[in-house]
Structure formats: C-alpha cells, structure tokens
Amino acid sequence: MATTSMTYKTNKLVTGAALLLMPALSVTAHAETSFIANSFYDQQHPLSQYGYVEWADTVRKLSNGDLDPQVYTGTVLLAPRASLQGIRDNVVQVAHHAAVYTPSDLPVANALQELGFNYDDPLVAALAVADFSMNNPTQLKEWKDNGIVYLGAYTTPPYMMFCREPVRNLEEFKGKRIRTAGSTVSAWVESAGGVPVNVPSSEMYSGLDRGSLDCATNATNDLIDRSLWEVAPYTTLLPTGMYWSGPEWGFNIDFWQGLTNQQREVFKEAAAKAMTRMEVQYMKRAHDALKEAEAKGTHVYQPSADLMASVEDFRNKAINMISVKAHDKYGLDNADQTVNAFMMTYEKWQHLLKDVDRTDEEALAELAMKQIYNKLPQDYGLN
C-alpha cells in the first residue's frame, strides 16, 4: 500500500531528546492518520487524563482506527509557555494551551478570563466558553491569526484558598501573601488587605513550604494531586474564580484543513464527549480530593460573613470594570460588545443546563453536540 509522508516543521521549542521520541507522521491511502497531541499537565491531571488520554481512545474508536493520536503529557515536548507556538509551527498537531502564558498573542481570550472571578459554575462555564469561542467573530479572528483552530474548552473547578495557618475572616486575611491567578482576583486580594503574588501553580508547593506564600488559590484537587495538604494544612472554601482561557484542543490550521470532512466530524464528536466528561470528572476529583485531604488532617473552614462579603462586593464592582480593562489593558476596540456577548452566552447555558442531570455524561455530550458542534458551519476552520 502506498504511503505518503507528511513533512512537519520543527523548531527550537522541541529538545533533541523529544525529537527522537516523536513518531513518524503519515497518512496512508486506506489506513491511519497518525499525529501528535500534547497536554503539558501530568498524565493523571483531569485535563490530560480525560482531555487527552481518554480523548485519544475516543478518537480512535469513532474513526475506526483511521485517526491515531500519539499523546504526550507533561513537558517532554513543549513547556507550557511554548504550546501555542508548538501548535502554530506544527511541532504538534493539537494541544492544550493556557492563554495566560501568551497574553500578547491572545488578548481577547485573556480579557474574557477577567470574568472568571465572577463565576463559580464550571460546567456552565466550559460549555459557554466553547460556544462563544467557536462562534464569536472577534475571538475566531484571534484563533485564526495565531494559526490554530479552536475545538473545545476546559474550566477548572472554583479556586479555593490553601493556607499555612487559619485564614477564616478579614482580620486573619490582612497582610497575607496570596498566590493568585489573574489580575481581577489580585485586585480583590489588595482591596481585602492581602498581598497578591503572581507565581505559576507549579511553584505553589515550594512557596508555601518555604514561607514566601502564606496562602495559594487553586482547585481543591491540588491538595492531593500536588500534595499541598503537606504544606498548607488549612483550607478555606472561599470561591475566588475559575480559569478557562485558551483551547483544550487547539489544532494546527494546516493539519485541520488537510483532514477529510469525516475526520473533522470525528474530532467534533470526540471533543463534545471528552469536554463534558472532563468537567464532570474534574469536579468529582476536586470534591474527592478535599475529603481525602480532610482525612489526612487538613482543617476545612467556611469563610466568615465579612470575608465572603468582600468577594461578593468586589464581584459587583469588577463586572463594571471588565470592559474598561478589556479595552485599556488588552486593546479590544469592541470591548463592550465582546464582553456582553460572552455574558449572554453564559446566561444561555445557565438556562440550557437548568433541568439536565449534571452527572449524566452522555446527556451532556448530546447537548453539546446539539447546541454547539452540530451548529458549526461546514467550513469551520477552513477559511
């Protein structure tokens, strides 16, 4: 059987050792299309386990083996900051990318992430983000300008607060050095009397361990997945937003356009299934990890009324500042229109999910297909 090799560019993002690991990419006349898929999270992280490892199995099954993802997790191929360039340069054909690492390349995605502090429903957010990101003209232009095709979202569970000592009220909060994710939550920390510290999530453990951080905010699965219970024995269930910015599956545009229509349909269905399963399981993991941490001796507190009120009050103020920040900080000329469009999409999904069993992964996937993927134009990602 004749085989046509496909030549892919590589660049300095990939180490020599990684290049040796990369499988040959080929398309056979009647066999399989093999390609590289990458998530920089460890294999057991929900965004890798459900978003890539299990997703790859779904892709193979739906395509009857025609599509064969070669999945890499962790940073063996690409560092987190390099994933966008890796997609763009065809080092990988599909990858997860967190937009926070490339704010100058993805200002629209980062501007809308400023709304993350105001929401705390991961399932609604994931579906709303996916819907918006594959339909809004301003956001679509940004993906295209960066040489990627966006095919699905991710959302973390609400970020909570893990501390070296009890932080249950505003008095205990004052002066604490808090690891934050995003400028809006940092602004709230300052307004409440704390000191925001912007470090990657990978540095939370060391910062808490050596005392350069008093608290860190992140999803509660990290109490176990990153062993934060060992260095932060006090958890306060204070919701400080969610993170969703950037694609869970960002496809290299040339790779996407070289697929058949049938192959592209497989990827859409696989994304719908994986995205909804990922969110259900991510939330379950966060819940289970909190219980496991409690069993290991972690003290879990509800926030005091004054601490919770400080978050809610700032949310009300922040919503009025988002458009200004989107224009002034991120350069969006149509900031009001874009932010309002996202908020309307979020409200739409609140309504759509109102009477749906949130543990029924099959029903959620069908809803995603009906309301998002089946409505995409036939030439999605082709122009």
Side-chain angles (χ1 to χ4, degrees), residues 46 50-51 108-109 111-140 143 150-159 182 184 219 239-249 268-284 286-287 308 311-323 326 332 334-377 380:
Y50 303 108
V108 179
L112 292 170
Q113 177 59 52
E114 298 290 347
L115 288 163
F117 185 68
N118 287 72
Y119 297 127
D120 55 17
D121 190 327
L123 187 58
V124 170
L127 290 162
V129 171
D131 192 351
F132 177 89
S133 297
M134 289 187 279
N135 287 288
N136 180 265
T138 301
Q139 184 65 86
L140 283 171
W143 305 136
Y150 181 106
L151 207 66
Y154 68 97
T155 305
T156 68
Y159 281 16
T184 301
T240 59
M242 303 178 296
Y243 191 81
W244 62 60
S245 190
E248 173 65 5
W249 302 280
K268 292 173 187 177
E269 185 175 355
K273 289 178 178 291
M275 181 172 63
T276 47
R277 173 166 170 74
M278 179 174 64
E279 290 304 319
V280 171
Q281 294 301 321
Y282 203 168
M283 289 184 282
K284 182 178 185 300
H287 176 270
M308 189 66 226
V311 169
E312 292 174 343
D313 291 346
F314 197 84
R315 282 177 172 177
N316 293 331
K317 296 175 183 176
I319 206 72
N320 296 319
M321 300 186 300
I322 296 298
S323 292
L332 271 67
N334 60 342
D336 284 338
Q337 179 183 353
T338 304
V339 170
N340 288 337
F342 180 87
M343 294 173 64
M344 289 177 62
T345 305
Y346 191 94
E347 291 174 4
K348 164 188 166 181
W349 279 97
Q350 284 179 311
H351 175 73
L352 287 171
L353 288 168
K354 186 176 180 181
D355 298 318
V356 178
D357 181 354
R358 287 166 168 254
T359 65
D360 189 337
E361 295 173 7
E362 184 175 344
L364 291 168
E366 290 176 358
L367 184 63
M369 284 298 298
K370 178 181 178 181
Q371 294 292 337
I372 303 175
Y373 293 96
N374 288 344
K375 292 184 177 181
L376 292 176
Y380 179 75

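Reckoned from all heavy atoms, side chains included, excluding hydrogens, waters and symmetry mates. All values derive from a computational prediction rather than experimental measurement.
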task: Verify the neighbour count for atom CE of M344: are there more than 12 heavy atoms of other residues, nucleotides or ligands below 6.0 Å?
output: no
- prompt: Looking only at heavy atoms, which two atoms of D131 and N135 are closest? And how far apart?
  reply: O-ND2, 2.8 Å
For A130 against A153, the heavy-atom pair lying closest together: N-CB, 3.7 Å
query: Y119 and L115: which non-hydrogen atoms are nearest, and at how many Å?
result: CD1-O, 3.5 Å
task: Write down the atom of P157, the atom of P122, and the distance for their closest heavy-atom approach.
output: CA-CG, 3.7 Å
task: Describe, in one word, how the ring planes of W244 and F342 are oriented to each other, choosing from parallel (under 30°), tilted (30 to 60°) and perpendicular (over 60°).
output: parallel
- request: Could you walk me through whether V124 and T155 pass side-chain contact (heavy atoms from CB on, under 4.5 Å), step by step?
  value: CA-CA 9 Å; V124 170; T155 305; over 6 Å; no
Over all atoms of both residues, closest heavy-atom pair of L140 and S133: CD2-O, 3.5 Å
Approximate separation, where rounding is to 0.5 Å, of Y154 OH and E279 CD: 10.5 Å
- request: Quick one: pull up CE in M242 and CD in Q113 and give me the separation to the nearest 0.5 Å.
  value: 8.5 Å
message: Between T138 and N334, does the side chain to side chain donor-acceptor pair (under 3.5 Å) criterion hold? Intermediate values first, please.
response: CA-CA 9 Å; T138 301; N334 60 342; 2.8 Å; yes
- prompt: Are side-chain heavy atoms of L364 and L353 found at a separation under 4.5 Å?
  reply: yes
Value rounded to 0.5 Å, distance of OG1 in T338 from CD in Q139: 9.0 Å
Value rounded to 0.5 Å, distance of OG1 in T276 from CD in Q281: 10.5 Å
statement: Residues V339 and S323: closest non-hydrogen pair is CB-OG, 3.8 Å
task: Could you check E114 against T184 for side chain to side chain donor-acceptor pair (under 3.5 Å), going step by step and ending with a plain yes or no?
output: CA-CA 6 Å; E114 298 290 347; T184 301; 2.5 Å; yes
field: Gap separating the NZ atom of K273 from the CE atom of M369, nearest 0.5 angstrom
entry: 8.5 Å
message: Could you go through Y282 and Y50, starting from their C-alpha distance and side-chain angles, then the distance that decides it, and tell me whether this counts as ring pair (Phe, Tyr, Trp, His ring centres under 6.0 Å)?
response: CA-CA 9 Å; Y282 203 168; Y50 303 108; 8.6 Å; no
field: Rounded distance (nearest 0.5 Å) linking atom NZ of K348 with atom CD of Q371
entry: 5.5 Å
